[in-house]
Protein chains: 2
Amino acid sequence: MAKITITDIAKQAGVAKSTVSRYLNGGSVSKKTRLKIDQVVKDADYKPNAFAQSLKKQTSHTIGVIVPRLDSFAQTEMLRGLDAANQDDILLILNTYQDDDLVQNAIEQVDILGLGGVILFATNLTPTIKDALHALDVPVVIQGQNDPAFARVIVDDNLAGSAIGHVAANSTNTLIISVDPQQDFEVGAVRYQAVTSQLTKHYDTVYADFSLATAKQVTTQALATTRYDTIIALSDLMAAGALQSLKNANVNVPEDTSVYGFGGTLISDLVSPNITTFAFDYFAVGQQLYHLFKQQQIKPEPTKIIIGGTLVNKQSN
Amino acid sequence: MAKITITDIAKQAGVAKSTVSRYLNGGSVSKKTRLKIDQVVKDADYKPNAFAQSLKKQTSHTIGVIVPRLDSFAQTEMLRGLDAANQDDILLILNTYQDDDLVQNAIEQVDILGLGGVILFATNLTPTIKDALHALDVPVVIQGQNDPAFARVIVDDNLAGSAIGHVAANSTNTLIISVDPQQDFEVGAVRYQAVTSQLTKHYDTVYADFSLATAKQVTTQALATTRYDTIIALSDLMAAGALQSLKNANVNVPEDTSVYGFGGTLISDLVSPNITTFAFDYFAVGQQLYHLFKQQQIKPEPTKIIIGGTLVNKQSN
DNA sequence: TTGTACGCGTTATCAA
DNA sequence: TTGATAACGCGTACAA
């Protein structure tokens, strides 16, 4: 297949290949030859060779999308938004499995594969990663971290944290399941502080790594010594972990303890009771990421786009 | 960046570019010039241009991985296995969102993008799709459907169905949540029949589409008229849907009704009670897919690889 | 062992 | 409007 080249078309149509090229790229062609080529191209099922095009144009229509993980509804939902907004690019997904070193590798691929740009779902913008990004001469857009040096799309963690914090403001003893700010500043610092700013009484903080297992474990440890009337986990999955721990400890939700999460993903509907959560519009984030990227191709500037969300009251509070 | 070409290296090293090319591809180079080029390449941070290489070689090291959906732990786990086994290829993920037409599009991309092969996660091998695959002149490996015309990796649905069916063999009234065999033959026919072959008493069958919502809905409908002591859903997510429906109907699990699922993914641990399920080793499936693909590159033949799994008893039965 | 010259498929330049 | 020709970066006969 696909062995038909522009030269074949030219021969069959009795014109020069440069004419065919012009025809294909909307250059000036007489009506007569246009019809001729039209015919030939159609029944030859000609498809231009992407390699040759990219080699010539010194750039490709492929965007590297660097994601920390795929087994997360937030990530896949953003990818769906990207796909939906995508006009005519190829999205090359590079999964880094939450490993910063693999992010480096992925960024290197940009040069090697001649990618036309990068969309990075960031959890941890280390200096090395930032340097590597700045060294690229293609458009870069990031998501997840609010770094003024980059064009970025973020969710409104201040709004989200405040909203949840506000509902739980009068809890007498709250447990917050957070993440290390060093590893995710937006969640571990911004979202966290938005929550605590609303709380009026005592609260404790424990740290997990976004996983179900760890969240469950740290919750169990915390419950060993203290009773909490409210648990706020900074992600839905971690909230699910807390839920399991509470169940093991025979604590009723929401009668004895209220539980809150963040994200509004399938997980919050999967567990029982369903988790009251702040739902972000991740699909919109994906769409905006693509639009922002296309805009960067035209005029690079560190624009910031914030996507909001809504508090969804379910059964866990 | 990446403007350094093989010619630049050649100039700086004072040799011909063909020598550099040989150096890069392991051809015969004298020790003297090798050291010279070594030096230059190193501090020039040279990276070969993938487009030029692919154009020349008429093939690329990029494999198109066509997946029906990304928001599924089974799929992402297989992708992880693929990544892990991957030696030196680029995996281009093409999400079809469970739309057969998009599968067609994806297969077309093979020619357009000059992909070196295809790995297809299949749910529904329509004649059109099969034709399109056969028309390709690159290696093709499929997963999910046991079609003797293709090299394939499948999970052992006979084993799995029998195992679950065996445990539930003596249930007096069983509800099976299946899927349309027209849409997924392996699950809707093979897995289904393996289950029913073990059942000794009465059973009803309802159909859903792999989603939580639909499974929940059809279960609720079924429960409206009948009481079941066992519900077998052909996937974990659908089992989760059944669980929610049962909860709404105030049916206790497992006291009143036992629930079974298939997959062994995170979902079975996320819901409460945890679902007793047949766990497939999807990671191994991914690894085998890659190895099988590499083998097809050397010697094409419709090999079949079957990956087993284990029955995991949890709390739902 | 090394270098020269050409071709992969496409686009761009420049005459005609 | 058209066509011949030169590039893009790389690999590889072939000759030296």
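Here is how names work: the chains are called A, B, and so on, in the same order as the sequence lines, proteins then strands, and each is numbered from 1.
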TODO: Taking ring-ring contact (aromatic ring centres under 6.0 Å, His included) as the test, write out the residues that go with A:Tyr23, two or more places apart.
DONE: none

Open item on the list: Is a donor from one side chain sitting under 3.5 angstrom from an acceptor on the other, for B:Ser211 and B:Asp209?
Closed with: yes

- [ ] Would you mind reading off the bend of the helix from C:dT1-D:dA16 to C:dA16-D:dT1 from its two end axes, five pairs each, to 10 degrees?
- [x] 40°

Open item on the list: Applying a 4.0 Å non-hydrogen cut-off, can you work out what B:Thr33 is touching in the nucleic acid: base, sugar-phosphate, or nothing?
Closed with: sugar-phosphate

Open item on the list: Can you confirm whether A:Ile66 sits close enough to A:Thr96 that some side-chain heavy atom of one is under 4.5 Å from a side-chain heavy atom of the other?
Closed with: yes

Open item on the list: Can you measure A:Ile4 atom CD1 to C:dC8 atom C1' for me and round it to whole angstrom units?
Closed with: 16 Å

TODO: Kindly say if A:Ser54 contacts the phosphate of C:dT10, meaning a side-chain N or O under 4.0 Å from OP1 or OP2.
DONE: no

Task: Residue that, paired with A:Asp89, satisfies side chain to side chain donor-acceptor pair (under 3.5 Å) out of A:His61, A:Lys294, A:Gln297 - done: A:Lys294

Task: Donor + acceptor pair across side chains of A:Asp43, A:Gln39 (<3.5 Å) - done: yes

TODO: Using whole Å, report how far CD1 of A:Ile37 lies from C1' of D:dT1.
DONE: 11 Å

Open item on the list: Does D:dG9 have OP1 or OP2 under 4.0 Å away from a side-chain N or O of A:Gln58?
Closed with: yes

Open item on the list: Side chains of A:Phe210 and A:Thr123, heavy atoms from C-beta outward: is any pair under 4.5 Å?
Closed with: no

What protein N or O atoms touch nucleotides 11-13 of chain D N or O atoms at under 3.5 angstrom, if any, and at what distances?
residue: D:dG11; atom: OP1; partner: B:Gln53; partner atom: NE2; Å: 3.0
residue: D:dG11; atom: OP2; partner: B:Ser21; partner atom: OG; Å: 3.3

Task: Nucleotide C:dT11, atom P - distance to OH of A:Tyr23 in whole Å - done: 13 Å

Task: B:Asn49 CG - C:dT10 P separation (whole Å) - done: 17 Å

Task: No-hydrogen, no-angle side-chain donor-acceptor test under 3.5 Å, A:Asn124 and A:Asp100 - done: yes

Task: d(CZ, A:Arg34; P, D:dT1) in whole Å - done: 9 Å

Task: Nearest-Å distance for atom pair NZ/C1', residues A:Lys11 and C:dT10 - done: 15 Å

Task: CD/A:Gln183: more than 12 non-hydrogen atoms of other groups inside 6.0 Å - done: no

Open item on the list: Using whole Å, what does the distance between atom C1' of nucleotide D:dC8 and atom CG of B:Leu55 come to?
Closed with: 9 Å

Open item on the list: I'd like to know if the side chain of B:Arg152 and the backbone of B:Pro302 have a donor-acceptor N/O pair within less than 3.5 Å.
Closed with: yes

- [ ] Round to the nearest Å and state the distance from A:Asp8 atom CG to C:dG9 atom P.
- [x] 8 Å

